[in-house]
Amino acid sequence: MTGADYFVPFRTKLRSMRSEPFGADPSGARLQRILNSPNFADGVFQNPLGARTRPSGSTLEFAKVYFQKEQRIRRAPAGTVPVHATTLADLAAPPASGLRLTWMGHSSVLAEIDGRRVLFDPVWGDRCSPFPFVGPKRLHPVPVPLATLGDVDVVVISHDHYDHLDLPTIRALAGTGTVFAVPLGVGAHLERWGVAPDRLRELDWNETAKVNGISLTATPARHFCGRGLRNNQHTLWASWSVRGPEHRIYHSGDTGYFPGFRDIGAEHGPFDATMIQIGAYSEYWPDIHMTPAEGMRAHLDLQGGGPHGVLLPIHWGTFNLAPHAWAEPAEWTKDVAEEAEQAAAFPRPGEPFEPAGVLPVAPWWRPVSAPMAPPRWRTAEAEADAVPGSAPVVRRDLDVAGER
């Protein structure tokens with residue numbers, strides 16, 4: 001150790017010793033862009049609407065719910081998830097309509113749009129964690145090896161949480177010719193992992209990059225960021241509007257509901273398809289993830305207020321990240337979609353579909369799902385709460401493997 005080393009702040013030394021999965025802190029010109037951002041104030045990136053980013057309520061009560069044996073069983077599939085093993089034949093022919101989506105699980109989606117291929121939030125790792133031996137583990141295999149997926153024009157990252165930004169996956173993609181579109185600050189992680197700076201398109205909210213004839217706009221979201229115990233909120237989170245010559249699609253990333261969806265839709269919509277986060281919600285963090293009902297509301301806002309296009313539910317089924325039952329997000333998204341008369345697609349992981357074609361709608365999760373409680377927003381109990389003097393309602397579980 002030199003004399004100069006002795007005077008380096010201890011926190012800086014700790015950051016320099018962080019292992020690669022934790023990524024890197026923005027610095028230099030990148031940090032200056034962050035400090036100059038209209039979305040950065042009081043030392044952190046700000047949400048478009050105030051949001052609690054840490055769990056609310058009693059930690060003890062949450063732990064009781066999360067670790068109770070019966071609840072743990074519900075949070076995992078009761079059998080083998082019927083993954084569609086995506087083949088080269090599935091993706092060899094271009095989509096007849098010009099738009100095809102393949103949900104790979106969680107928030108990972110391959111979008112083939114107007115002759116270009118866009119890969120959203122690719123996570124091919126076994127765990128969403130900085131460590132290979134601990135953390136939420138994948139509940140089903142990846143539908144196709146990353147190496148056989150084929151060329152991708154652009155990889156889009158919504159934010160830097162481990163279930164959306166995966167080191168092994170990025171390293172593999174860094175060896176290809178793809179471009180990476182990421183929110184402001186996230187480029188620091190990718191550069192540390194081997195992505196050349198000239199292949200980065202690092203955007204603040206409402207900034208647009210053009211790649212091979214398609215426009216990618218980082219749009220606001222209500223969430224947070226960070227890959228370490230100390231979260232300095234120096235990397236932005238975003239949803240994404242992607243526009244080709246003929247089609248428009250939207251990927252929500254992670255977000256709580258906020259009125260800004262209407263503004264995004266007015267500016268960039270309506271969309272042929274939206275990929276909306278409807279899983280990993282909880283009453284303990286109501287501001288940063290959406291329930292299925294909120295996800296449907298967001299989709300309708302994005303479409304100008306009424307049913308339009310196709311909704312693809314994402315952020316569920318692959319990792320156990322919340323107290324709700326494993327299949328609950330899909331089951332209740334199907335329910336609210338029918339109520340709203342909104343077209344929604346429910347593909348198995350790896351099953352390609354065209355929003356303009358025949359949609360996959362079969363509830364494939366039911367045979368491998370444990371029973372689940374009915375959603376509060378779809379029971380008479382919720383109505384009784386709103387009407388003084390109403391009779392109480394007895395809640396019962398729904399056996400989705402049997403009669404509905």
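What you are looking at is a predicted structure, and each value in this text was computed from that prediction instead of being measured.
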- Member of Met290, Glu339, Gln342 meeting the side-chain contact (heavy atoms from CB on, under 4.5 Å) criterion with Met296: Gln342

- Query: Are any side-chain N or O atoms of Ser108 and backbone N or O atoms of Val123, one a donor and one an acceptor, separated by less than 3.5 Å?
  - Reply: yes

- 4.5 Å side-chain heavy-atom contact, Leu91 and Arg117: yes

- Please confirm whether the backbone N or O of Pro132 pairs with a side-chain atom of Arg127, one donor and one acceptor, at under 3.5 Å? yes

- Evaluate side-chain contact (heavy atoms from CB on, under 4.5 Å) for Tyr250 paired with Ile276, printing each intermediate quantity in order. CA-CA 8 Å; Tyr250 173 85; Ile276 301 290; 3.9 Å; yes

- Query: Where do Thr219 and Ser241 come nearest, in terms of heavy atoms and distance?
  - Reply: OG1-N, 4.1 Å

- Item | Donor-acceptor contact below 3.5 Å, side chain Ser252 vs main chain Gln277 | yes

- Contact summary for Gly295 and Ile278, nearest pair of heavy atoms: CA-CG2, 4.1 Å

- Item | Parallel, tilted or perpendicular, as decided by the 30° and 60° cut-offs, for the rings of Trp326 and Trp316 | tilted

- May I ask you to test the Thr80-Val368 pair for a side-chain heavy-atom distance under 4.5 Å? no

- Query: Taking all non-hydrogen atoms of both residues, which atom of Pro352 and which atom of Asp90 are closest, and how far apart?
  - Reply: CG-CB, 3.8 Å

- Item | Asp160 side, atom CG; Leu190 side, atom CG - distance, nearest 0.5 Å | 10.0 Å

- For Thr86 and Val144, indicate whether the former's side chain and the latter's backbone hold a donor-acceptor pair under 3.5 Å. no

- Task: Check for a donor-acceptor pair, side chain of Arg192 on one end and backbone N or O of Gly23 on the other, with a separation under 3.5 Å.
- Result: yes

- Task: Could you tell me whether a side-chain N or O of Asn320 sits under 3.5 Å from a main-chain N or O of Ala76, the two making a donor and an acceptor?
- Result: no

- Message: Ring centres under 6.0 Å, that's the criterion: do His164 and His315 meet it?
- Response: yes

- For residues Val156 and Leu216, report the shortest heavy-atom separation together with the two atoms involved. CG2-CD2, 3.5 Å

- With salt bridge (charged side-chain N to carboxylate O under 4.0 Å, His left out) as the test, would you mind laying out the steps for Arg222 and Asp287 before giving the verdict? CA-CA 7 Å; Arg222 191 184 184 204; Asp287 299 336; 3.7 Å; yes

- Message: Using 0.5 Å steps for rounding, measure from the CZ atom of Phe261 to the CD atom of Gln303.
- Response: 12.5 Å

- Query: Is there a donor in the side chain of Asp272 and an acceptor in the side chain of His247, or the other way round, less than 3.5 Å apart?
  - Reply: no

- Item | Smallest separation among heavy atoms of Glu354 and Ala96, with atom names | OE2-N, 3.0 Å

- Got Asn39 and Leu184 here, is their nearest side-chain heavy-atom distance under 4.5 Å? no

- Chi angles and distances behind the side-chain contact (heavy atoms from CB on, under 4.5 Å) call for Ser239, Thr255: CA-CA 8 Å; Ser239 57; Thr255 181; over 6 Å; no

- Which heavy atom in Ile157 sits nearest to a heavy atom in Pro183, and how many Å separate them? O-CD, 3.1 Å

- Message: Applying ring-ring contact (aromatic ring centres under 6.0 Å, His included) to Phe271 and His299, what does each step give before you reach the verdict?
- Response: CA-CA 9 Å; Phe271 299 97; His299 170 89; 8.8 Å; no

- Query: Is a side-chain donor-acceptor pair under 3.5 Å present for Thr318 with His140?
  - Reply: yes

- Query: What distance do Ile214 atom CD1 and Glu246 atom CD have between them, rounded to the nearest 0.5 Å?
  - Reply: 13.5 Å

- Message: Is any side-chain heavy atom of Leu312 closer than 4.5 Å to one of Pro347?
- Response: yes

- Query: So do the side chains of Pro286 and Arg52 get within less than 4.5 Å of each other, counting heavy atoms only?
  - Reply: yes

- Donor-acceptor side-chain pairing of His106 and Asp121 below 3.5 angstrom: no

- When you measure from the side chain of Trp205 to the backbone N and O of Trp237, does any donor-acceptor pair fall under 3.5 Å? yes

- Message: If I take atom CG from residue Leu149 and atom CE from residue Met104, how far apart are they, to the nearest 0.5 angstrom?
- Response: 5.0 Å

- Query: So, does Ser129 use its side chain to make a donor-acceptor pair with the main chain of Val134 at under 3.5 Å?
  - Reply: yes

- Flag the pair Phe120 / Ser107 as yes when at least one side-chain heavy-atom distance between them is below 4.5 Å, and no otherwise. no

- SB check Arg30 Glu191 (cutoff 4.0 Å): yes

- Is the side chain of Thr169 donor-acceptor paired with the backbone N or O of Trp124 at a distance under 3.5 Å, no angle test? yes

- Item | Between His159 and Phe224, ring centroids under 6.0 Å | no

- Task: I would like to know whether Lys334 and Trp365 meet side-chain contact (heavy atoms from CB on, under 4.5 Å); could you show each step before the answer?
- Result: CA-CA 12 Å; Lys334 189 173 182 66; Trp365 55 86; 4.0 Å; yes

- Message: With a 4.5 Å cut-off on side-chain heavy atoms, are Val155 and Pro122 touching?
- Response: yes

- Task: Give a yes or no on whether Asp151 atom CG has more than 12 heavy-atom contacts from other residues, nucleotides or ligands under 6.0 Å away.
- Result: no

- Could you check Ile170 against Phe180 for side-chain contact (heavy atoms from CB on, under 4.5 Å), going step by step and ending with a plain yes or no? CA-CA 10 Å; Ile170 297 300; Phe180 293 81; 4.0 Å; yes

- Item | Test item: Pro130 and Tyr162 side chains (from C-beta on) under 4.5 Å apart, heavy atoms | yes

- Message: Pairing donors with acceptors under 3.5 angstrom, does anything connect the side chains of Tyr281 and Glu328?
- Response: yes

- Ignoring hydrogens and angles, tell me if any N or O in the side chain of His289 forms a donor-acceptor pair with the backbone of Asp254 under 3.5 Å. no

- Item | Pairwise distance OG1(Thr291) to OH(Tyr257) - rounded to 0.5 angstrom | 11.0 Å

- Looking at CD1 of Ile113 and CZ of Arg100, how far apart are the two atoms once the value is rounded to the nearest 0.5 Å? 13.0 Å

